[in-house]
Peer 1: 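What follows is a single structure, and I will ask about it in a moment.
No experiment lies behind these values; they were computed from the predicted model shown. Side chains are part of it too, since the values below use all heavy atoms of this structure and drop only hydrogens, waters and symmetry mates. Residue numbers count from 1 along this sequence.
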Amino acid sequence: MRSIYNRLKTQMADAQGAAAPVKTLRGAAADQMLASFETLGLGGFWSTDGEGRISYLSPGLVRPLVHDDDARGEDFLGLFASPRPGIDGQRTMPFVFARKGKFERVIARSIAGNTETFWQISGEPIATGDSGFNGFRGHILDVTSDRQNAEEASQMATTDALTGLSNRRAMSVLLERTVSAFAPQRRACAVLLIDLDRFKQVNDTLGHAVGDALLKQVAQRLIRVVGDRERIFRLGGDEFQVIVPDVDDRGRLGDLAGSIISSLSEPYTIETNRCTIGTSVGIAVSPYDGETADDIVRNADLALYAAKHSGRGRYRFYSRELLETAEQRRHLEETMHDALANGEFQLLYQPLVKAETGVVVGTEALIRWNHPESGLISPAVFIPIAEDSQMICRIGEWVLRQACEDAIKWPAGTRVAVNVSPIQFADPSFPKLVSMVLNATGLDPDRLELEITESVFLQESAATDAMFKTLKGLGVRLVLDDFGTGYSSLAYLKTAPFDKIKIDQSFVRGATSNADRNRAIIAAIVTLAEALDMETIAEGVESFDQLTMVRELKIGHVQGYLYSRPVPVEDLFKDVDAADWKIEASGPARQRHERRAMYRTIGVIHEDHYYPVMLRNLSASGALIEGLIDVPLGTRLMIDLGDGQFELATVVRTRESHQGLGFDRELVSDGNGGLCTRHRFLAHHLAAAGVPRNADEFQTKQASMLANGIISLPRFSVVARNSDGQRKRS
Ligand code: C2E
Ligand code: CA
Ligand code: CA
């Protein structure tokens, strides 16, 4: 469509043309025509001088645009709000003005008080004689209402243009409607929130066109797995959602999530590219996990977050404990900002020793947070939070400074290793920080080791390569941390200039038995490292059998409790004599196998009694409980596993205070290595049935119910435990 300006201009040109028709607009007639154009609200005219100062502005426009009645001499661009980067696009008024060429239909905003007006502006340069540019002249039109209509129209749209699936808006409407329609009959509605892992990497490395094609294929696969495309939504980016009405069975929901994960994890072919991505799924079910659409989506989101953080490619059901973790996370995040200023962070140092001799060659700096309310917090808890909230760079800077300041006082040649988060590593100003700290402290760069995990390779490779080069250029040493945990590709070792490989403790732990394949893998790593002139170190060595293995496998260095735990800086040199810094290994001969006995209190309901018992073992088909005396074989019990999870069971084995139970229905995976019941009861159902919220509550109630003759004496006696775990009869 041509602008009014252009149409008008053509008319003017026609009117002035050589073969002028009988009625030409000239002089007063033209003036009148223009004047009525202006007064009819069809837009106005403007012109500026060569410096961009207003030389004409249609009177009707003066009021919404300028305070003064006479705008002449004011800066034309100054009438408009400055463009918003990323929102307003490239073709802005300052941009077209600077080019001094003709422009059409550029959108600009003016703001007066709290009303925002949108203008569509066209113009062309005024050239007079040889003097070249002499300002602009053009047309301007208020398009605020058009824009509002367009915006409303797009907000009404319910389809995602890329995949053709319904969008977030459609999802909210449907979920809201379903949840409220289902509420009176307590019908269930499940929400599966789906997020792709490593999608950003595909998008960044292979380009947006490939990313878009991938998302389309994801949508197709979801339709194939779920069946009903009406229940699948693309929420935006790489987030999808599935709504499953009338299903509360977590066995079925887990199966569906599992099928989605395996389908989306199959390789994709896009033009000539082949790529794979992973998927995480969070699941929440109304009314058990929330009564409103908002609550359900929020809780599915918490479950998704947990799924992503407990190793990707998993599904996870929402549970109340996730909310508690989320609250703790929020609390830590809020207090983290002041923790640096308040000096609540502390560095501990753990010696790194030569495997053959026990001579200390350096230490690793490990951060601790002495939280004023929560006590000592492990970095495994707060570092991920710091990484999510961008605090990691400030904390990392503090660690680096503190470690270098401490290390400069140590015997020459003793190195200090500092952990570097992938987020710091992706920050282009990181090398500058390192060299600044080295200069400020005077530490020899060769004494500083930066420990980096493999996850840095997941970022854009050109930037990663450049970062490696720059850091190596500073003379610092680079260590590949946690080797053997993640994506572990030996290919990294060939391309990245590491000085040392640190073999992760999980690898060391599994490798003491000769049959273990970890051992063969470590042997291969050591051989490769030797060939590439890299040192090796084994982490988490706790026992002499592990140390023996480390020596047999010719791993050069060791770090672990067998030599020393991480200690405060002032304790590092406590037992050191001047000559050399050497530590004697001391610890258990063999690796202790952690006995993972389960001590969780659950409830058992028999007749009208509720007994608290200890859950000693749980499998899908049954449980071992402890705490009731002399329960006959074949006794029928209702088991309360908490959070509304009840299952009927029969006593299949019994010996004094231990009973083996067989469940009527098998439990299902909770997506996190644990088990859960398929179905759940709601709190108000339980209350109506007289089931307590917890064992304490029941015991208080039970006593009064007994006293009032509402219930009879309990059938079984209970073995209670003292606080120190000793059994006592009651
Ligand atoms: P990491 O880099 O793998 O550090 C080694 C962890 O193993 C440390 O846990 C250390 O205390 C522990 N460890 C050492 N020897 C043994 C042993 O013999 N047995 C056992 N069971 N554990 C041992 P820590 O200090 O809790 O740190 C946990 C993780 O937090 C570190 O894992 C590292 O990834 C991160 N972290 C610690 N300090 C920093 C820091 O300053 N910056 C960053 N970005 N991350 C840090
Ligand atoms: Ca480390
Ligand atoms: Ca590690």
Side-chain angles (χ1 to χ4, degrees), residues 336 339-341 343 345-350 352 361-368 379 382-384 386-387 389-483 492-493 495-502 533-535 537 557 559 566 569 572:
M336 195 178 281
L340 257 185
F345 290 115
Q346 182 198 2
L347 286 186
L348 298 185
Y349 293 95
Q350 186 176 33
L352 316 173
V361 295
T363 70
E364 177 178 4
L366 293 161
I367 193 169
R368 296 291 179 268
F382 73 84
I383 293 286
E387 286 175 337
S389 66
Q390 298 299 321
M391 271 294 288
I392 190 63
C393 289
R394 285 176 54 202
I395 294 176
E397 179 174 345
W398 176 84
V399 171
L400 190 67
R401 276 184 205 285
Q402 189 62 47
C404 291
E405 275 172 26
D406 287 341
I408 193 77
K409 300 172 197 142
W410 301 345
T414 314
R415 297 192 165 117
V416 67
V418 171
N419 290 288
V420 177
S421 155
I423 299 194
Q424 289 174 275
F425 196 78
D427 177 2
S429 68
F430 180 64
K432 217 191 303 160
L433 171 72
V434 174
S435 76
M436 235 162 58
V437 170
L438 288 172
N439 282 334
T441 54
L443 190 76
D444 179 357
D446 182 58
R447 289 177 63 189
L448 178 63
E449 295 188 321
L450 301 176
E451 297 200 356
I452 298 153
T453 60
E454 289 162 299
S455 57
V456 302
F457 295 108
L458 290 181
Q459 271 141 18
E460 199 203 331
S461 62
T464 312
D465 289 350
M467 180 60 82
F468 271 114
K469 282 214 185 71
T470 323
L471 290 173
K472 278 311 303 171
L474 296 176
V476 297
R477 286 163 54 94
L478 299 174
V479 181
L480 180 57
D481 201 358
D482 288 354
F483 192 84
Y492 303 143
L493 297 180
T495 53
F498 285 106
D499 298 284
K500 195 198 277 191
I501 305 170
K502 187 179 268 194
D533 214 16
M534 298 177 188
E535 291 177 359
I537 180 164
H557 298 88
Q559 168 183 13
V569 68
L572 260 183

Peer 1: When the ring centroid of Phe483 is compared with that of Phe498, is the distance short of 6.0 Å?
Peer 2: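 Not close enough - the centres of the two rings lie 6.0 Å or further apart.
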Peer 1: State the CG-CD distance between Leu572 and Gln350, to the nearest 0.5 angstrom.
Peer 2: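 Going from the CG atom of Leu572 to the CD atom of Gln350 covers 10.5 Å.
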Peer 1: What's the separation between atom NZ in Lys409 and atom OG1 in Thr414, rounded to the nearest 0.5 Å?
Peer 2: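 Separation between the atoms: 14.0 Å.
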Peer 1: Which residues satisfy the side-chain hydrogen bond (donor to acceptor under 3.5 Å, both in side chains) test with Arg415, sequence neighbours excluded?
Peer 2: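 Result, side-chain hydrogen bond (donor to acceptor under 3.5 Å, both in side chains) vs Arg415: Asp446.
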Peer 1: Any salt bridge between Glu449 and Lys502, counting N to O under 4.0 Å?
Peer 2: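 Looking at Glu449 and Lys502, the cut-off is not met.
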Peer 1: Within this structure, what is the OG-CE distance for the pair Ser429 and Met436, rounded to the nearest 0.5 Å?
Peer 2: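 Reported value, rounded in 0.5 Å steps: 9.0 Å.
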Peer 1: Surrounding CG of Asn439 (heavy atoms of other residues, nucleotides or ligands, distance under 6.0 Å), is the total greater than 12?
Peer 2: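 Yes, enclosed.
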Peer 1: Of all the heavy-atom pairs spanning Gln424 and Gly396, show the shortest one and how long it is.
Peer 2: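 Heavy atoms only, the tightest pair is NE2-CA, 3.3 Å.
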Peer 1: Walk me through it: do Ile367 and Trp398 pass the test side-chain contact (heavy atoms from CB on, under 4.5 Å)?
Peer 2: CA-CA 10 Å; Ile367 193 169; Trp398 176 84; 4.1 Å; yes
Peer 1: Just how far is it from atom CG of Leu450 to atom CZ of Phe468, taken to the nearest 0.5 Å?
Peer 2: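 The distance works out to 10.0 Å.
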Peer 1: Find the distance between CG (Asp427) and CD (Glu397) and round it off to the nearest 0.5 Å.
Peer 2: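 With rounding to 0.5 Å, CG (Asp427) is 10.0 Å from CD (Glu397).
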Peer 1: Determine the interplanar angle of the Tyr349 and Trp410 rings, folded into 0 to 90°, and report it as parallel if under 30°, tilted if 30 to 60°, perpendicular if over 60°.
Peer 2: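 Answer is perpendicular, since the angle exceeds 60°.
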Peer 1: What are the two closest non-hydrogen atoms of Pro428 and Met467, and how far apart are they?
Peer 2: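 Looks like CA-CE, 4.2 Å.
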Peer 1: Give me the atom names and distance for the closest heavy-atom approach of Phe345 to Met336.
Peer 2: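 Looks like CZ-CG, 4.4 Å.
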Peer 1: Work out which heavy atom in Ile395 is nearest to a heavy atom in Ala386; give both atom names and the distance.
Peer 2: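 Closest pair (atom of Ile395, atom of Ala386, distance): CD1-CB, 3.9 Å.
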Peer 1: For the pair Leu474 and Thr470, evaluate side-chain contact (heavy atoms from CB on, under 4.5 Å) and give the outcome as yes or no after the intermediate values.
Peer 2: CA-CA 7 Å; Leu474 296 176; Thr470 323; 5.5 Å; no
Peer 1: Looking at every heavy atom in both Leu448 and Leu438, which two are closest together, and how far apart are they?
Peer 2: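 Where Leu448 meets Leu438 most closely, the heavy atoms are CD2-CD2, 4.1 Å.
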Peer 1: Please name all residues satisfying side chain to side chain contact (heavy atoms under 4.5 Å, CB included) with Val361, sequence neighbours left out, ordered by chain then number.
Peer 2: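 Scan of Val361 (side chain to side chain contact (heavy atoms under 4.5 Å, CB included), adjacent residues dropped) gives Leu352, Lys354, His557.
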Peer 1: Heavy atoms, side chains only, cut-off 4.5 Å: are Leu347 and Val569 in contact?
Peer 2: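 A side-chain contact is absent here, since even the closest heavy-atom pair is not under 4.5 Å.
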Peer 1: Evaluate the side-chain contact (heavy atoms from CB on, under 4.5 Å) criterion for residues Ile392 and Ile383: first the C-alpha distance (whole Å), next the side-chain angles of each, then the deciding distance (0.1 Å), finally the verdict.
Peer 2: CA-CA 7 Å; Ile392 190 63; Ile383 293 286; 4.0 Å; yes
Peer 1: Working to the nearest 0.5 angstrom, can you tell me the gap between Ile423 CD1 and Met391 CE?
Peer 2: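 It is 12.5 Å, given to the nearest 0.5 Å.
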Peer 1: If every non-hydrogen atom of Pro379 is compared with every non-hydrogen atom of Pro384, which pair is closest and at what distance?
Peer 2: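 Closest heavy-atom pair between Pro379 and Pro384: O-CD, 3.6 Å.
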Peer 1: Checking Asp499 side chain against Leu478 main chain: does a donor-acceptor pair fall under 3.5 Å?
Peer 2: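 Yes, because the side chain of Asp499 sits within donor-acceptor range (under 3.5 Å) of the backbone of Leu478.
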Peer 1: Would you sort out whether Asn419 and Thr453 count as a side-chain contact (heavy atoms from CB on, under 4.5 Å), showing the intermediate values?
Peer 2: CA-CA 9 Å; Asn419 290 288; Thr453 60; over 6 Å; no
